[in-house]
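As the structure lists them, so they are numbered: ligands from 1, and atoms in each ligand from 1. Just so you know, residue 1 is the first one in the sequence shown, and it goes up from there.
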Amino acid sequence: MNQDLLQHVGQLLRNAQHLVVLTGAGISAESGVPTFRDALTSHWAKFNPQELASPEGFLKNPELVWRWYVDRRHNLAEARPNPGHRVLAWLADALPQVSLLTQNVDGLHQAAGSPLVHELHGNIWRSKCFRNNHPIHPELAAASPQAPPQCPLCGSLARPDVVWFGELLPADVLTMANHASRQAELFLVVGTSGQVQPAASLGYEAMMAGAKVVVINPDPHAAIAGATFLKGPSGEILPKLIQAGWGINPSEFQ
Ligand code: BJW
């Protein structure tokens, strides 16, 4: 990694009045959580997204979809935040204004101590009913690992409270994300392939409004034209940026 570039971005971070961060599955990869599109180990390398992450797929085979999410929750219960999550939580205290936008549904930013997390694609730990979005109590959801239980209020099937393909993102979260992106001075894009809309447009929106944009990802395909690209895993790069900006040893975030 180019040390001058790390120093430069570390200073940008240190001086940022309003930092906006957009995270994707890659920030949780070092916590052992599979990404969606990486070859071999990702979810979509093994499963068809239309079958598992769409309303049509759920209606076709609710048991299959429900069990996939039960398995993912089971695996996530073992996952712990990594240095990347911890750096972002630390920044919330260190800078005047930080807006954390995540596409992740895993709750690891909250587990790391980030005080306010704007979840664009929902949260896997919550369930709601398919027809009316009635909240489903976590105990009712956990008591039925093989098939979705029925909603006590309307009888429709329970589903995870996440955003599937073809569904609208929560309007309040998306409005906030658009607003923050246009106000950002510095915008970090961490661990996302940038293939899923509308989240993928936020960095461009920020750039159009005058923000400096920095992408952190091991895969150069994730680079954005006009943005600074830092190649590497976020659990390594983010602590190095704190070292460059504040002189804090990266081991503090281990
Ligand atoms: C590391 C790392 C390390 C590895 N450190 N990095 C405009 C044009 C075309 C299509 C559309 C459009 N507008 C809307 C659409 C349709 C659709 C869409 O975008 N489709 C595209 C795929 C073509 N969007 C939607 O349907 C959205 N709804 C919507 O827009 O409503 C209005 C509308 C509907 C229909 C038409 C038009 C308008 C909803 C999107 C919902 C996405 N849902 C999912 C599932 C969530 C629930 C669950 O978890 O099960 O969200 S799909 C999946 O993708 C998940 C993720 O949040 C999302 C993004 O993935 P992410 O995070 O980028 O992961 P990966 O795997 O792709 O990338 C990981 C990256 O990490 C890689 O780059 C690695 O290199 C990197 N990495 N290790 C740092 N250690």
State if [X] counts as touching ligand 1 under the rule of any non-hydrogen atom under 4.0 Å.
| X | result |
| --- | --- |
| Pro218 | yes |
| Pro198 | yes |
| Arg72 | yes |

Margin query: For residues 109-128, which residue pairs pass the salt bridge (charged side-chain N to carboxylate O under 4.0 Å, His left out) check, not counting sequence neighbours?
Written below: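 For residues 109-128, and leaving out neighbouring residues, the salt bridge (charged side-chain N to carboxylate O under 4.0 Å, His left out) pairs sorted by first residue read Glu119-Arg126, Arg126-Asp161, Lys128-Asp161.
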Next item on the list: Look at atom 41 (C) of ligand 1 and say which protein heavy atom is nearest, naming residue and atom and giving the distance to 0.1 Å.
Entry: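 Its nearest protein heavy-atom neighbour is Val163 O, 3.4 Å.
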Note to self: Which residue and atom name correspond to the protein heavy atom nearest atom 19 (O) of ligand 1, and how close is it?
What the structure shows: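 That would be Gln197 N, 2.7 Å.
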Item checked: No-hydrogen, no-angle side-chain donor-acceptor test under 3.5 Å, Asp38 and Thr35 -> yes
Next item on the list: Verify whether one side chain among Ser114 and Gln110 offers a donor that lies under 3.5 Å from an acceptor in the other.
Entry: no
Next item on the list: May I ask you to decide if His18's main-chain N or O and Gln97's side chain share a donor-acceptor pair within less than 3.5 Å?
Entry: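 It does not hold such a pair.
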Next item on the list: Using a strict cut-off of 4.0 Å, indicate which atoms of ligand 1 neighbour a heavy atom of Asp219.
Entry: 75 (O)
Checklist line | Val162 neighbourhood, listing ligand 1 atoms whose heavy-atom distance to it stays under 4.0 Å | finding: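 Heavy-atom distances to Val162 below 4.0 Å select 47 (C).
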Item checked: Of Gln103, His109, His85, the residue whose pairing with Thr23 passes side-chain hydrogen bond (donor to acceptor under 3.5 Å, both in side chains) -> His109
